[in-house]
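Right, one structure below, let's go through it.
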Amino acid sequence: MAGGKVDQKTPPGWPGQVWLEGKTLVHLLDEQTRPTHMPRGPAKRTGPGFLNPAMAPARTRSVLLLNDAMQYDWLVREDQSIRVLDALCATGVRIRRWRNEVPSSVQQRLRITANDLDQFALDWAKASHAMHPPTQSIEHEPEDDRYGSTSEQVFDNGLDFRNKDARIAMIESGYQWIDLDPFGSPVQFLDAALQGLSRTGVLEITATDTAALTGSSASSQARRYGAKGIVDVYAHDDAVRLLLATVATSAARLDKSITPLMALFDGHHVRISCLVKTSREKASEISRLIGWRVREQDIPYRFVQHPTPEQVERASGPMWIGPLWDKEIAGRMTEQKVLELCQPSQQELEQMMQQGLEWSDDDIEYSARELKRSVRYISDAADLMSREHLLLNLDSLPRWAGVGGAPKLEKLISSLISSGHCAARLPDLEPLLVTDAPFDTVLEHVRKTSPSSK
Ligand SMILES: C[S@@+](CC[C@H](N)C(=O)[O-])C[C@H]1O[C@@H](n2cnc3c(N)ncnc32)[C@H](O)[C@@H]1O
């Protein structure tokens with residue numbers, strides 16, 4: 001067994017069963033069922049220390065995004081370090097993946113803090129990190145906090161563990177990167193996260209309260225997000241935009257503005273990543289990017305800043321109506337990149353198997369497939385998602401086009417592209433098309449490519 005420096009308690013139930021996420025070994029509680037490679041939806045929780053395997057793709061994208069910030073220097077200068085906090089880290093899988101999977105060339109610049117209120121989960125995180133430390137030893141001095149005192153935490157090979165209420169942990173130091181992954185809604189942590197960020201920072205948020213965000217629970221939506229929803233084919237996109245609007249308006253109150261980098265509805269949760277900057281001018285402008293989606297007769301929807309009294313019944317909002325992704329950053333989230341960063345080599349796998357991992361050839365194949373699925377369709381849709389576009393659900397198009405059946409999505413996309421428009425599929429369980437073609441043009445192409453038009 002490889003050992004870390006810190007002499008920490010062995011948590012009850014340790015070591016559990018060994019599982020592999022990305023190229024990081026994780027220990028699951030014995031009572032947790034061994035995950036499948038394609039987990040979907042909310043998993044059955046087995047108490048503190050439970051790892052939700054359905055969140056693996058979001059953690060994978062988080063590795064890619066953090067790596068992108070370091071590799072392309074869009075957050076700090078290339079000679080500067082960056083303070084990163086997973087405010088609700090549970091058993092520490094995300095922070096360990098950041099440490100293990102972001103390339104070693106930039107690791108010395110990453111200052112990673114992991115916080116959770118649950119001591120059991122934190123002990124599990126520490127034990128996992130001690131048993132499987134990063135290949136490269138990371139040493140740096142403890143940081144000062146905002147109030148001038150030096151962290152008393154013991155550094156265990158580059159990870160600073162804290163056992164505090166997340167709101168306190170976030171406020172204590174200035175972080176350039178905060179990850180918020182609570183059970184349910186993130187709203188109770190939002191203000192502290194925004195205040196915990198330095199003048200320029202990245203905020204990544206997971207929200208699993210999709211009933212409130214989509215509007216299928218209208219009262220929770222009104223109470224928590226001050227919004228009104230319509231549960232139709234746009235409910236997922238509305239949920240993403242509603243969370244962004246909530247973050248944007250909370251940020252504006254603190255003289256901060258947000259720029260979305262990536263925002264997705266991923267099966268059973270919403271995940272958004274934003275660049276947050278302190279700027280009164282930009283914060284004042286943010287209201288231009290908040291509006292409503294109005295369902296219409298001649299087109300599925302239009303965004304408006306303020307619905308008329310007549311439109312309100314057909315409108316959902318208020319929500320973010322600006323771009324959802326950053327073109328360059330999302331454009332670099334490719335299958336090639338995810339395999340380069342997160343897929344273990346044969347040699348690494350052999351070492352892991354000596355450390356208790358049971359991994360068959362099928363596991364190798366399925367886990368690579370799952371890694372690719374984490375970024376599927378993203379780079380192709382990056383350009384459109386970073387500017388004005390039309391979002392259409394394929395299944396609703398035959399009714400609009402007056403044809404009997406929907407064409408194959410790939411065929412419709414090729415048809416639009418070959419006539420000079422941009423079109424792509426959006427990552428979602430639903431067949432979603434994103435395009436810059438006018439709606440009438442899309443309908444012409446639906447008629448042309450629909451099987452019933454033959
Ligand atoms: C959904 S889990 C986090 C999962 C983790 N990010 C991952 O990827 O495995 C939410 C965590 O928040 C912790 N938590 C809940 N309320 C908290 C609070 N006020 N402060 C700190 N941690 C809290 C729980 O103990 C739990 O571990």
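Order of listing sets the numbers, starting from 1, for every ligand and every atom in it.
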Query raised in the report: In ligand 1, which numbered atoms sit nearer than 4.0 Å to a non-hydrogen atom of Asp118?
Result: 25 (O)
Query raised in the report: Should you measure from each heavy atom of Ala90, which atoms of ligand 1 turn up under 4.0 Å away?
Result: 3 (C), 4 (C), 5 (C), 27 (O)
Query raised in the report: Would you say Ala121 contacts ligand 1, with heavy atoms under 4.0 Å as the rule?
Result: no
Report task. Report the C-alpha distance between His27 and Trp124 in whole Å, list the side-chain angles of each, state the deciding distance to 0.1 Å, and finish with yes or no for ring pair (Phe, Tyr, Trp, His ring centres under 6.0 Å). Result -> CA-CA 8 Å; His27 286 251; Trp124 203 264; 7.1 Å; no
Query raised in the report: Lys164 heavy atoms, cut-off 4.0 Å: which ligand 1 atoms fall inside?
Result: 20 (N), 21 (C)
Query raised in the report: For ligand 1, which atoms, with element, lie under 4.0 Å from some heavy atom of Arg167?
Result: 19 (N)
Requested in this report: If you have a sec, work out which protein heavy atom is nearest atom 20 (N) of ligand 1 and how many Å separate them, to one decimal?
Outcome: Ala166 N, 2.8 Å
Query raised in the report: Which residue owns the protein heavy atom closest to atom 24 (C) of ligand 1, what's the atom, and how far is it?
Result: Asp116 OD1, 3.5 Å
Query raised in the report: Which ligand 1 atoms, with their elements, are less than 4.0 angstrom from a heavy-atom of Cys89?
Result: 5 (C)
Requested in this report: Starting from atom 9 (O) of ligand 1, find the nearest protein heavy-atom neighbour and note its residue, name and distance.
Outcome: Arg59 NH1, 3.3 Å
Query raised in the report: What is the nearest protein non-hydrogen atom to atom 23 (C) of ligand 1, stated with its residue, atom name and distance?
Result: Leu88 CD2, 3.2 Å
**Report entry** Val93 touching ligand 1 at heavy-atom level, < 4.0 angstrom
**Finding:** no
Requested in this report: For Arg94 and ligand 1, answer yes if some heavy atom of the residue is under 4.0 Å from a ligand atom, otherwise no.
Outcome: yes
**Report entry** Distance from atom 4 (C) of ligand 1 to nearest protein heavy atom, with residue and atom
**Finding:** Asp181 OD2, 3.4 Å
